[in-house]
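Counting starts at 1 for both ligands and their atoms, in listed order.
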Amino acid sequence: MKHYLSIKNIDSLPDWVSEARELKENPVAHKALGAGKTICLLFFNNSLRTRLSTQKAAMNLGMEVMVMNFGSEGWQLEFEDGAVMDQGKSEHIKEAAKVVSQFCDIVAIRAFASLNDKEKDEAEVVLNGFEKYASVPVVNMESSAGHPLQALADAITLDEQNKKAKPKVVLSWAPHPKALPHAVANSFVEMMQLQVADFVITHPEGYELNPEITKNIHIEHDQQKACENADFIYVKNWSSYSNYGKVLHQDSDWTMTTEKLGLAKFMHCLPVRRNVVVEDAVLDGGQSLVIEQANNRTYAAQVVLKKILEN
Ligand code: CP
């Protein structure tokens with residue numbers, strides 16, 4: 001594998017999950033693999049989990065790590081070919097990506113959706129700009145339309161916790177005061193399409209995800225009905241896709257509660273707004289998997305970096 005840009009780069013999800021679980025048993029078993037190698041983590045947006053878990057994963061593999069908050073500390077980048085750069089943008093992606101490649105063996109990028117321009121967001125200009133012009137492998141640490149490291153960690157968590165041949169897994173929309181991107185939900189959906197599961201998506205009308213991603217997955221607009229007899233409920237907010245980037249309404253009755261959760265395990269990628277997305281009792285209760293999901297971010301990143309280093 002050269003790059004890890006989306007769930008589509010996973011050739012066998014069961015094999016990757018199994019390898020990640022082996023790494024979790026002995027995280028420093030392959031410390032020699034990354035010796036003398038450097039990963040550069042470039043953040044155009046904030047992070048807690050992705051930053052620390054990817055750094056930890058690289059360190060477990062013996063790599064050196066360089067981190068840059070590009071969004072606040074780097075030059076503003078131009079991505080358009082042939083642009084006349086007489087405005088605010090100081091550096092073109094063509095030079096930036098080539099220069100970064102001289103300093104590292106892998107570059108990892110976080111660049112969220114703008115939520116203003118659907119076409120530009122879907123073109124993944126930052127991630128694809130680095131993929132096009134960097135001479136080293138590129139890892140997606142959450143782009144406009146996908147968060148494949150999160151979804152791989154979620155697959156590890158599901159594998160650890162699941163006891164059924166075909167569990168019922170629900171992806172439920174939840175309210176949020178701000179417009180959020182579709183990346184986590186998109187990658188979770190793509191990952192679930194590789195699983196043997198009864199998978200249901202529930203959201204209020206108007207919050208349909210990109211139909212090219214959801215394809216023929218069962219969508220249920222009645223949240224309570226969708227959650228009945230679920231084994232896992234993954235809760236996440238996203239803004240409207242058709243009315244791009246808009247918060248249509250708050251729908252506080254979509255907050256996840258212990259009643260709706262029933263006997264299911266609760267999942268969320270974090271960070272999470274308490275008592276808006278999910279009530280305290282769920283997060284503080286024994287059915288919440290959120291801390292273990294965050295822990296598994298390290299082994300998701302580690303299996304990805306290991307495969308790139310081995311290539
Ligand atoms: N879940 C996740 O990606 O967390 P951060 O935004 O804190 O990295």
Problem - Close approach, M141 and ligand 1, non-hydrogen under 4.0 angstrom - result: no

Exercise for the section: Report yes if some heavy atom in the side chain of V235 is under 4.5 Å from a heavy atom in the side chain of L171; otherwise report no. Expected result: no

Handout entry: Close-contact set for ligand 1 against H147 heavy atoms, below 4.0 Å
Key = 2 (C), 3 (O)

Exercise for the section: Indicate yes or no: does K94 engage D81 in a salt bridge with an N to O separation below 4.0 Å. Expected result: yes

Exercise for the section: Say whether D253 and Q223, considering side chains only, have a donor N or O and an acceptor N or O under 3.5 Å apart. Expected result: no

Handout entry: atom 6 (O) of ligand 1: the protein heavy-atom neighbour that sits closest, reported with distance to 0.1 Å
Key = R110 NH1, 2.8 Å

Problem - Neighbour count >12 (heavy atoms, 6.0 Å) for atom CD, E95 - result: yes

Practice task
With heavy atoms under 4.0 Å as the rule, classify the contact between Q293 and ligand 1 as side chain, backbone, both or neither.
Solution key: neither

Exercise for the section: Answer yes if the side chains of N296 and K24 hold a donor-acceptor pair under 3.5 Å, and no otherwise. Expected result: yes

Problem - ligand 1 atoms in contact with C269 (distance to a heavy atom under 4.0 Å) - result: 1 (N)

Practice task
Can you establish whether the number of heavy atoms outside E64 located under 6.0 Å from its atom CD is more than 12?
Solution key: no

Problem - Any N or O of L270 closer than 3.5 Å to N or O of ligand 1 - result: yes

Handout entry: ligand 1 atoms in contact with Q150 (distance to a heavy atom under 4.0 Å)
Key = 1 (N), 2 (C)

Exercise for the section: Please report which non-hydrogen protein atom sits nearest to atom 4 (O) of ligand 1, along with the residue it belongs to and the distance in Å to one decimal place. Expected result: R49 NE, 2.9 Å

Problem - Single-linkage hydrophobic cluster V17~L305, side-chain heavy atoms < 4.5 angstrom - result: yes

Problem - Heteroatom proximity flag, N46 to ligand 1, N/O under 3.5 Å - result: no

Handout entry: Protein contact to atom 7 (O) of ligand 1 [nearest heavy atom, distance to 0.1 Å]
Key = L48 N, 2.7 Å

Handout entry: Best match, R297, H268, E142, R51: closest heavy atom to atom 2 (C) of ligand 1
Key = R297

Problem - N186 side chain to E190 side chain, donor-acceptor N/O pair below 3.5 angstrom - result: no

